[in-house]
Amino acid sequence: MKNDCIFCAIAAGEIPSFKVYEDDVVVAYLDINPVSEGHTLVIPKKHTEGLLDTPDETLAAVVARVKLVAAHLKKVLPCDGFNIAQNNGEVAGQTVKHVHFHIVPRYKGDDPLVFKGAKGDMERLAALAARLAMPR
Ligand code: AMP
Ligand code: ZN
């Protein structure tokens, strides 16, 4: 766990999150500034900064969970499709330096090029996380 890393603190359960899924390798939780309804982040519990310093085995395990969570979101939300985004470096829009994958659900009429989020309503996010909670 890296000191001062907010996603490490979430993974350790030290600060709350709108959790959707957790197992030994990953935690998935709603983004608090969602781009769309159900916008979810999937992170490995073990800290690395981005794609390039994350071991291949970890990436393989995390992407398998991204698939699992995306399939669940598609069915339960339901959404019509989704984007996976993974930003590396400030110039690429990375604001949190703990590797993470965005699952951005898309609905008919959405502009698929828009990745700008807006501050979410906390009560709404809590209710949505409860509705989307997945068994291990
Ligand atoms: P990126 O811009 O790819 O680094 O994405 C970081 C994302 O983390 C942003 O979309 C933020 O809205 C989101 N975020 C930051 N802090 C939290 C938090 N405590 N819980 C959930 N999402 C967060
Ligand atoms: Zn971290």
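Just follow the structure's listing: the first ligand is 1, and inside any ligand the first atom is 1.
- From the protein, the heavy atom lying nearest to atom 5 (O) of ligand 1 is His100 NE2, 3.0 Å.
- The closest side-chain heavy-atom distance from Val62 to Arg65 is not below 4.5 Å.
- Closest N/O/S atom of His47 to the Zn ion (ligand 2): ND1.
- More than 12 heavy atoms of other residues, nucleotides or ligands shown are found within 6.0 angstrom of CZ on Arg131.
- The closest approach between a heavy atom of Phe7 and any atom of ligand 1 is below 4.0 Å.
- Proximity of Gln86 to ligand 1 is not established, as no heavy-atom distance is less than 4.0 Å.
- Heavy-atom separations between Gly93 and ligand 1 include at least one value shorter than 4.0 Å.
- Residues Lys2 and Glu49 are not in side-chain contact: their nearest non-hydrogen atoms beyond the backbone lie 4.5 Å or more apart.
- Looking at heavy atoms from C-beta onward, Thr58 lies out of side-chain contact with Thr48 at the 4.5 angstrom threshold.
- In the candidate list Asn33, Ile32, Asp31, Asn87, Ile32 is nearest to atom 17 (C) of ligand 1, counting heavy atoms.
- For ligand 1, the atoms closer than 4.0 angstrom to any heavy atom of Tyr29 are 21 (C).
- Using a cutoff of 4.0 Å between basic side-chain nitrogens and carboxylate oxygens, Asp24 and Arg136 are scored as salt-bridged.
- The closest donor-acceptor contact from the side chain of Asp110 to the backbone of Arg106 lies at 3.5 Å or more, if one exists at all.
- Under the 4.5 Å side-chain heavy-atom criterion for ILVMFWY residues, no single connected hydrophobic cluster contains both Phe7 and Leu59.
- Nearest to the Zn ion (ligand 2), among the N, O or S atoms that His98 has, is ND1.
- Of the possible polar contacts, one joining the Asp80 side chain to the Lys108 backbone as a donor-acceptor pair under 3.5 Å is found.
- Near Leu41, meaning under 4.0 Å from one of its heavy atoms, ligand 1 places the atoms 8 (O), 13 (C), 22 (N).
- For atom 4 (O) of ligand 1, the nearest non-hydrogen atom from the set Val35, Ile15, Thr95 comes from Thr95.
- Protein heavy atom in closest approach to atom 21 (C) of ligand 1: Leu30 O, 3.4 Å.
- Ring geometry for His102 versus His39: interplanar angle of 30 to 60°, hence tilted.
- When only interatomic distances are considered, the shortest N/O to N/O separation between His102 and ligand 1 falls below 3.5 Å.
- Set against the non-hydrogen atoms of Ile6, the atoms of ligand 1 under 4.0 Å away are 19 (N).
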